[in-house]
Amino acid sequence: MIKYFPAKIEPKWAKKWKDTGLFSPDLDKAKKPFYSLMMFPYPSAEGMHVGNMYAFTGSDVYSRFKRLQGFDVFEPIGLDGFGIHGENYAMKINEHPMEVSKRTEKHFYEQFLMVGNAFDWQRTVDTYKSNYYKWTQWAFLQLYKQGLAYRKKAEVNWCPSCLTVLADEQVISGECERCSSQVGKKELEQWFFKITDYADRLLSNIESLDWSEIVKTAQRNWIGRKDGINIEYELEGLDEKIVCFTTRPDTNFGATFIVIGPEHPLIYKIAQKQYLDAVKKYVSTALAKSDMERIAEGRKKTGVFTGVFAVNRLNGQKLPVWVSDFVLGKVGTGAVVGVPGHDIRDFEFAKEFDLPIVRVVVGKDDDKTPITKAEQVQEEEGLMVNSEFLNGLDIHEATVKIMDYLEEKGWGKRVTSYHLRDWLISRQRYWGPPIPTIYCDKCGIVPVPEEDLPVELPYIKDFKPTGTGVGPLASDSDFVNTTCPKCHGKARRETDVSDNFFDSSLYFFRYLTTDMDDKLFDDTRSKKWLPVDMYIGGAEHSVLHLLYSRFITMAFKDMGFIDFEEPFTKFRAHGLIIKDGAKMSKSKGNVIIPDKYIKDWGADVFRTYLMFMGPFTGGGDFQDDGLNGVYRFLTRIWSLAQNYEEAEATQEEKRILNKTIQKASKDFEKLHYNTVVSGLMELLNFLSRQKTASKETIKSMLIMLSPLAPFITEELWEILERTNIRTNEHWSIHNQPWPQIEEEHLKDEKVTIVIQVDGKLRDNLIIDRELADNQSEIESMAKNSPRVQKCIDSVAIVKVFYVPGKIINFVTDRK
RNA sequence: GCCGGGAUGGUGAAAUGGUAGACACGAUAGGUUUAGGACCUAUUGCUCGAAAGAGUGUGGAGGUUCGAGUCCUCUUCCCGGCACCA
């Protein structure tokens, strides 16, 4: 027997799997299709990170398990190569992104082969190739036709380092998602996708999705639906009205002022002469501040009075109208009604400017006194007071009643507002798909005709962003100058490219039609394979890729291209890998490069170790020591499979094997790969102790191990079965059927009964299974135990609980 | 502040309301081989005890139950999402 030497067997099988197309299902003829997808990676220059590999392995293990269960599994792979990340890197090393991408592509696909994932090598998708981005552009044109892509001048996020605009989702607490620079604001005309049209569907579908809770919650928060009412306030002596959005109209009898944000369009119309200068001054300083600066100033309230009073029509109360920057222009109506007794920010404002405070709710603390301190501000459950016809109602009843009343009077209108904004997809960058539109002086915006796609991204030597608000493509006159498709006059091309996240919001459709040049969707294949059965990826894409993909899928459904609206039936977020208790980062020097580990230990050891660390959805702490244990385990498997004393399976062997199958079946499905490994270890330990094994047991064990360690099991399968690739179409272990559970072997002849006295463990009783139902017999046997007797001889037994085959508990009068 | 997810040995962790710590790592002792990240056996939650054994133990406080890591209430801390969001 040769020693277990991974480097010798792994490359051989990787090549054989690829060359024979073992993992390429027939997309048209497959009988039990199962689309197993993982988030395709961004191909970074350093190559695959251990975090990527952890995710890919976990997804691959699941796919392989499904394949053993008899599914025709489609497990595609590709590269999400377009985007700012790659372009920034190319700039850093002073190379062209087109050159860099060739290198990273090669490296990534080599790594993918090396780790042994069961990819369909015949259907890869790389977003930066024109046979893919043709479809990104096509999708843009479809959205444009539907009015879902539009151009608008707006205040947008601007990253001063990446020199481009960014979508709201790509600004993480004020910082650029890519480079962590402080994001500023710029007024620019840009392309947007109307994702807000889908806000309600995106939100209400969440409930029915079989997705990780963490992602569902993040999406709910991001969409941020709020049900409230827009209340109209007439202004004294003016023919204008101010509309305030509120979710708490129940407290409206407690309103004492109104605050409008500095962005409010009516400011200069309503501000009275003697206050105008102060208002102007305040507004200009406020608008000069970034969001971060506004927040950085803390919660200290500032503001100026406009000189105008609004009227609360509920009680005729006069409400002074103020301007303050704590009211945000883009939230609600940009104006709020101040109820200082029941909103902490309103309270702070009222205190600052000495405005009256009225209590209209009494909460659990039963405090009915006037509200003078911040601790007294009552924002929670309670009963209405000082509110005329609402008095005595709880706040929820009062909310409904006042909304009905305001609507009836015509003073207000129920509205639903969302935190979600439209998706800004223009980027003033080079490394992305050109947005396929043309500007003609006569015809205006003209979409590129579909038959002219793709609009190829030209090679531009100086691809660096300009910072002028115009993309680098503008410098290429051959690209820019074109003719109008409508009037054939002179025209200019759009020079911005689209957001990288747009590429990735449709890649899972393209995997199915890589062999078709003329369409993105094929009805038969869509019906067979979509939506994706299982999607695995990182939770960091919760409100980016995972939200965008849902929106794009809904839009495609509405256009009739597909007949479902949720792209991913099941989604599971994998955990994160940390190293020795800390997050991996280059600066800490604790980044794990899988290549080295795979070279030293083999892909099987590395894969199995990663999956054994803990539950896949939980991530884990990477410790070099752990690899040795897994290496030991595989070595023992290696020698056992080739060097065991063959014998008929014993009863105990059959029982343990069947228990292992049962456990592995359940745990693979739950993504609890760590306990699959431990179950197999227990089986191995048993066989080692027993010193004999049946060939059937060994084979079943190898099949169960094969998703985790595909190479060693394939090699051993070949040795055991002497399969011949030329003559046997089921030569591979990866095509074997999942071992069947034989129920009759799950039960042991002996069972252990735990004996407790007053709930405390006192002894064990090993009995024949047939006796398990005979309670009186068990009882007397249990009482005979000396250790039990010691506990019960001086007390009376009040009650006996017996769970057949498991436990007997004597309850005494000592209790 | 709101919404999610957590907290179990020295470490990674396991436990349909029924023997907490399976399976590993590490450690200790012994054996064996020293050509190999070696292999084999035993021990390993904590406290007391030479041992038998006893007590105790799943962030904390209560509760339900014959029986709680698991269910309920309150609470502390950690991680993630949203946030001057009206």
Side-chain angles (χ1 to χ4, degrees), chain A residues 3 172-173 212-224 226 228 244-249 251 259 261 291 294-295 297-301 324-328 330-339 342-346 348-349 379 417-419 539-540 542-543 573 576 580-581 600-601 605 609 612-615 617-633 635-636 666 672 674-682 684-685 688 752-764 787 790 798-803 805-812 815:
Chain A
K3 187 184 173 276
I172 316 292
S173 39
S212 298
E213 210 49 51
I214 185 171
V215 174
K216 291 171 48 159
T217 310
Q219 290 206 354
R220 277 193 199 102
N221 287 342
W222 186 256
I223 295 168
K226 280 186 288 280
C244 296
F245 175 76
T246 177
T247 55
R248 291 293 306 278
T251 60
V259 189
D291 285 3
R294 276 200 197 181
I295 293 164
E297 281 168 11
R299 303 182 77 90
K300 178 154 172 61
K301 298 291 180 286
S324 173
D325 65 2
F326 85 88
V327 175
L328 306 175
K330 62 179 178 181
V331 177
T333 56
V336 298
V337 53
V339 184
H342 305 282
D343 182 291
I344 190 70
R345 294 152 306 176
D346 295 351
E348 286 159 0
F349 193 78
E379 295 179 307
S417 85
Y418 297 91
H419 172 255
E540 70 275 14
S542 297
V543 298
L576 294 179
D580 301 325
D600 290 354
W601 297 92
V605 172
Y609 170 64
F612 182 54
M613 274 193 311
T617 48
D621 192 350
F622 191 96
Q623 292 166 342
D624 289 19
D625 283 340
L627 286 154
N628 205 12
V630 173
Y631 177 76
R632 215 172 276 161
F633 166 60
T635 306
R636 287 175 65 204
K666 268 193 222 149
H672 289 185
N674 55 328
T675 50
V676 175
V677 178
S678 68
L680 291 169
M681 283 174 170
E682 282 177 86
L684 174 68
N685 289 347
S688 306
T752 305
I753 310 265
V754 173
I755 310 170
Q756 294 184 336
V757 177
D758 291 328
K760 277 195 180 166
L761 171 72
R762 291 303 167 188
D763 206 353
N764 288 332
R787 289 167 68 187
K790 227 169 69 180
V798 197
K799 212 163 179 189
V800 181
F801 284 85
Y802 179 59
V803 182
K806 277 204 168 148
I807 195 165
I808 185 159
N809 188 10
F810 296 103
V811 183
T812 68
K815 282 199 90 178

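As the structure is a computational prediction, the values presented were derived from the model and not from experiment. Proteins get letters first, then strands, A, B, ... in listed order; numbering begins at 1 in each.
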Taking atom P in both B:G18 and B:C3, compute the distance separating them and give it to the nearest angstrom. 31 Å
Can you confirm whether or not the ring centre of A:Phe622 sits under 6.0 Å from the ring centre of A:Tyr609? yes
Between B:A29 and B:U34, how far is it from one P atom to the other, in whole Å? 23 Å
Has A:Trp601 got its ring stacked on B:G37, by the test of a centre gap below 5.5 Å and a plane angle below 30°? yes
For the C1' atoms, the ones on B:G80 and on B:U44, what distance do you get once it is rounded to whole angstrom? 36 Å
P atoms of B:U8 and B:C78, separation to the nearest Å: 14 Å
Taking the same atom, P, in B:G67 and in B:A20, what whole-Å distance lies between them? 15 Å
Answer with base, sugar-phosphate or nothing: what part of the nucleic acid does A:Gln219 contact at a heavy-atom distance below 4.0 Å? nothing
Would you indicate, yes or no, if B:U56 has its OP1 or OP2 atom less than 4.0 angstrom from a side-chain nitrogen or oxygen of A:Lys760? yes
What do you reckon, do A:Phe326 and the base of B:C84 stack, with centroid distance below 5.5 Å and planes below 30°? no
Should A:Lys3 be listed as having a side-chain N or O under 4.0 Å from OP1 or OP2 of B:G36? no
Sugar-phosphate only, base, or nothing, as touched by A:Asp346 at under 4.0 Å among non-hydrogen atoms: nothing
Would one find a side-chain N or O of A:His419 under 4.0 angstrom from OP1 or OP2 of B:A83? yes
Base, sugar-phosphate, or nothing for A:Asp343, non-hydrogen atoms under 4.0 angstrom? nothing
N/O (side chain, A:Arg632) to phosphate O (OP1/OP2, B:C25) under 4.0 Å: yes
For A:Asn809 and B:G18, is the shortest distance between a side-chain N/O and OP1 or OP2 below 4.0 Å? no
A:Asn685 side-chain N/O to B:A24 phosphate OP1/OP2 under 4.0 Å: yes
Between B:G53 and B:G37, how far apart are the two C1' atoms, rounded to whole Å? 42 Å
Lys/Arg-Asp/Glu bridge criterion (N-O < 4.0 Å) met for A:Asp343, A:Arg345: yes
For the base of B:C84, is there a side-chain donor-acceptor partner from A:Lys301 under 3.5 Å away? yes
Remember a base hit wins even if backbone is also touched, and classify A:Thr333 as base, sugar-phosphate or nothing at under 4.0 Å, heavy atoms. nothing
Within the modelled atom types, does a donor on one side and an acceptor on the other bring the side chain of A:Asn221 and the base of B:C82 under 3.5 Å apart? no
Given the 90°-from-0 boundary between syn and anti, B:G62 should be labelled anti
Just to be sure I understand the rule, does A:Gly620 reach a base, reach only the sugar-phosphate, or reach nothing, if contact means heavy atoms closer than 4.0 Å? nothing
